[in-house]
Peer 1: 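Handing you a structure now.
What's counted below: heavy atoms across the whole structure, side chains too, no hydrogens, waters or symmetry copies. Letters A, B, ... mirror the listed sequences (proteins, then strands); counts begin at 1.
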Amino acid sequence: MKVSDSEPIYTIGIAAKKLGISVPALRVYEKEGLIVPLRTSTNRRLYSLNDLRIIETIRNLIQRDGLNFVGLRRMLSFLPCWKIKRCNPASFDKCEVPRIADRPCWSSGKSASRQCEDDCQSCPVYAHACHVDDLSVYDLIEGQNFT
DNA sequence: ATTCTGACA
DNA sequence: TGTCAGCA
């Protein structure tokens, strides 16, 4: 993934236009904890190309597959963060996030005992959110498998 | 002109 | 989801 993909450059108006989605809808997706666009110093939202991909995936899951927000949060919480972030087995055993999460880490606040980057935009787990509807995300990382 | 939050048909 | 108010 290129650095520019996570570069926050689109205002909510531009993002809505490019996606063919209403501005209010984009705000709802955020309030429901599905996306985390960057905020400027004046509290304006800025979306990256990757944010747009995630939103497109979310829209498909809602309109095509009929999922609701609860189902989407659950699905997003299933992203294999321990694989994406290459967590060592020891820390993974002690980490409770992957087992009890009912919402993606980027909407769980910073309370969870876990090393996080400064912002979710630069987080590799968030970057993979656009692939939640692609089962290959679950076994492509370093040949590790669930067995 | 554009976006923000909160409230509501 | 959409829209309107009152701001920044």
Side-chain angles (χ1 to χ4, degrees), chain A residues 1-87 91-92 94-141 144-146:
Chain A
M1 176 188 211
K2 303 193 303 299
V3 181
S4 62
D5 288 8
S6 58
E7 202 78 48
I9 51 182
Y10 306 109
T11 61
I12 192 170
I14 299 299
K17 173 74 74 178
K18 291 175 70 72
L19 291 164
I21 297 179
S22 70
V23 169
L26 288 178
R27 296 204 179 100
V28 169
Y29 289 175
E30 178 180 358
K31 184 161 58 64
E32 292 293 338
L34 303 178
I35 54 177
V36 188
L38 191 74
R39 290 301 184 114
T40 66
S41 56
T42 55
N43 206 38
R44 265 77 229 268
R45 277 167 262 246
L46 282 184
Y47 298 79
S48 66
L49 182 56
N50 192 52
D51 283 317
L52 266 44
R53 293 205 191 92
I54 297 172
I55 294 166
E56 199 162 21
T57 297
I58 289 171
R59 190 202 52 190
N60 284 332
L61 260 14
I62 291 175
Q63 301 185 334
R64 185 193 62 207
D65 301 329
L67 290 189
N68 56 27
F69 295 129
V70 174
L72 277 169
R73 278 194 291 276
R74 178 70 73 176
M75 182 176 289
L76 288 168
S77 74
F78 286 155
L79 279 171
C81 58
W82 61 97
K83 285 188 174 183
I84 295 172
K85 302 189 76 167
R86 310 288 204 281
C87 291
S91 63
F92 173 67
K94 290 183 295 185
C95 185
E96 58 188 24
V97 175
R99 293 173 240 286
I100 66 173
D102 62 341
R103 58 181 56 255
C105 57
W106 55 85
S107 70
S108 304
K110 305 296 181 187
S111 59
S113 59
R114 166 206 232 172
Q115 79 286 0
C116 265
E117 3 276 298
D118 12 302
D119 64 281
C120 296
Q121 288 294 321
S122 59
C123 174
V125 179
Y126 183 62
H128 277 75
C130 59
H131 293 130
V132 277
D133 61 344
D134 178 358
L135 297 187
S136 65
V137 262
Y138 297 102
D139 55 32
L140 281 181
I141 313 299
Q144 298 178 43
N145 290 300
F146 295 96

Peer 1: Does a side-chain heavy-atom distance below 4.5 Å link A/Leu19 with A/Arg59?
Peer 2: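 Not touching, per the 4.5 Å side-chain cut-off.
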
Peer 1: A/Ile12 has an atom CD1; how far is it from atom C1' of C/dT1, in whole Å?
Peer 2: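 Going from A/Ile12 (CD1) to C/dT1 (C1'), I get 14 Å.
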
Peer 1: Can you find a pair of side-chain heavy atoms, one from A/Phe69 and one from A/Val28, that are under 4.5 Å apart?
Peer 2: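 The answer is yes; the side chains approach within 4.5 Å.
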
Peer 1: To the nearest angstrom, how far is A/Phe69 atom CZ from C/dT1 atom C1'?
Peer 2: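 Rounded to the whole Å, the gap is 9 Å.
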
Peer 1: In whole angstrom, what separates A/Arg59's CZ from C/dT1's P?
Peer 2: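 Rounding to the nearest Å, CZ of A/Arg59 and P of C/dT1 are 11 Å apart.
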
Peer 1: Yes or no on side-chain contact (heavy atoms from CB on, under 4.5 Å) for A/Glu30 and A/Ile12, after CA distance, side-chain angles and deciding distance?
Peer 2: CA-CA 11 Å; A/Glu30 178 180 358; A/Ile12 192 170; over 6 Å; no

Peer 1: What's the closest nucleotide to the side chain of A/Pro24 if the choices are C/dT3, B/dT3, C/dT1?
Peer 2: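 Of all the options, the side chain of A/Pro24 is nearest to C/dT3.
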
Peer 1: Which pair of non-hydrogen atoms, one from A/Ile84 and one from A/Val125, has the smallest distance, and what is that distance?
Peer 2: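 So the minimum-distance heavy-atom pair works out to CG2-N, 3.9 Å.
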
Peer 1: For A/Thr42, report the nucleic acid contact type (base, sugar-phosphate, nothing); a contact means any heavy atom under 4.0 Å.
Peer 2: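 A/Thr42: no heavy atom of the nucleic acid under 4.0 Å.
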
Peer 1: Please examine the side chains of A/Asp133 and A/Arg64, heavy atoms only from C-beta on, and report whether any two atoms are closer than 4.5 Å.
Peer 2: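 In contact.
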
Peer 1: If you assign A/Arg27 and A/Arg44 each to the DNA chain C nucleotide with the nearest heavy atom, which residue ends up on the more 5' nucleotide?
Peer 2: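 Checking each residue's closest nucleotide, the 5'-ward one belongs to A/Arg27.
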
Peer 1: Mind calculating the distance between CG (A/Leu26) and P (B/dT5) to the nearest angstrom?
Peer 2: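 The distance from CG of A/Leu26 to P of B/dT5 comes to 13 Å, rounded to the nearest Å.
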
Peer 1: A/Ile62 CD1 to C/dT1 C1': how many Å, rounded?
Peer 2: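 Atom-to-atom, A/Ile62 to C/dT1, this comes out as 11 Å.
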
Peer 1: Mind checking which stems touch DNA chain B? I mean at least 3 consecutive Watson-Crick or G-U pairs, both distances under 3.5 Å.
Peer 2: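 The stems are B:4-8 with C:2-6.
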
Peer 1: Does A/Thr11 make a side-chain N or O approach to OP1 or OP2 of B/dT2 shorter than 4.0 Å?
Peer 2: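 No, A/Thr11 has no side-chain N/O under 4.0 Å of OP1/OP2 on B/dT2.
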
Peer 1: Taking the side chain of A/Arg45 as its heavy atoms from C-beta onward, which of B/dC4, C/dT1, C/dG2 lies nearest to it?
Peer 2: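 For the A/Arg45 side chain, the nearest candidate turns out to be B/dC4.
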
Peer 1: Rounded off to whole Å, could you give me the CG-to-P distance for the A/Asn43 and C/dA8 pair?
Peer 2: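 Checked: the CG to P distance equals 13 Å.
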
Peer 1: To the nearest Å, give me how far apart CZ (A/Arg39) and C1' (B/dT2) are.
Peer 2: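 Rounded to the whole Å, the gap is 14 Å.
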
Peer 1: Got a second to check how far A/Cys130's SG is from A/Ile55's CD1, nearest 0.5 Å?
Peer 2: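 The distance works out to 11.0 Å.
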
Peer 1: In terms of side-chain heavy atoms, does A/Asp51 have a donor or acceptor partner in A/Gln121 at a distance below 3.5 Å?
Peer 2: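 The answer is yes; a qualifying pair exists.
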
Peer 1: Starting from P on C/dT1, measure out to NZ on A/Lys31 and report it in whole angstrom.
Peer 2: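 So the NZ-P distance, A/Lys31 to C/dT1, works out to 11 Å.
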
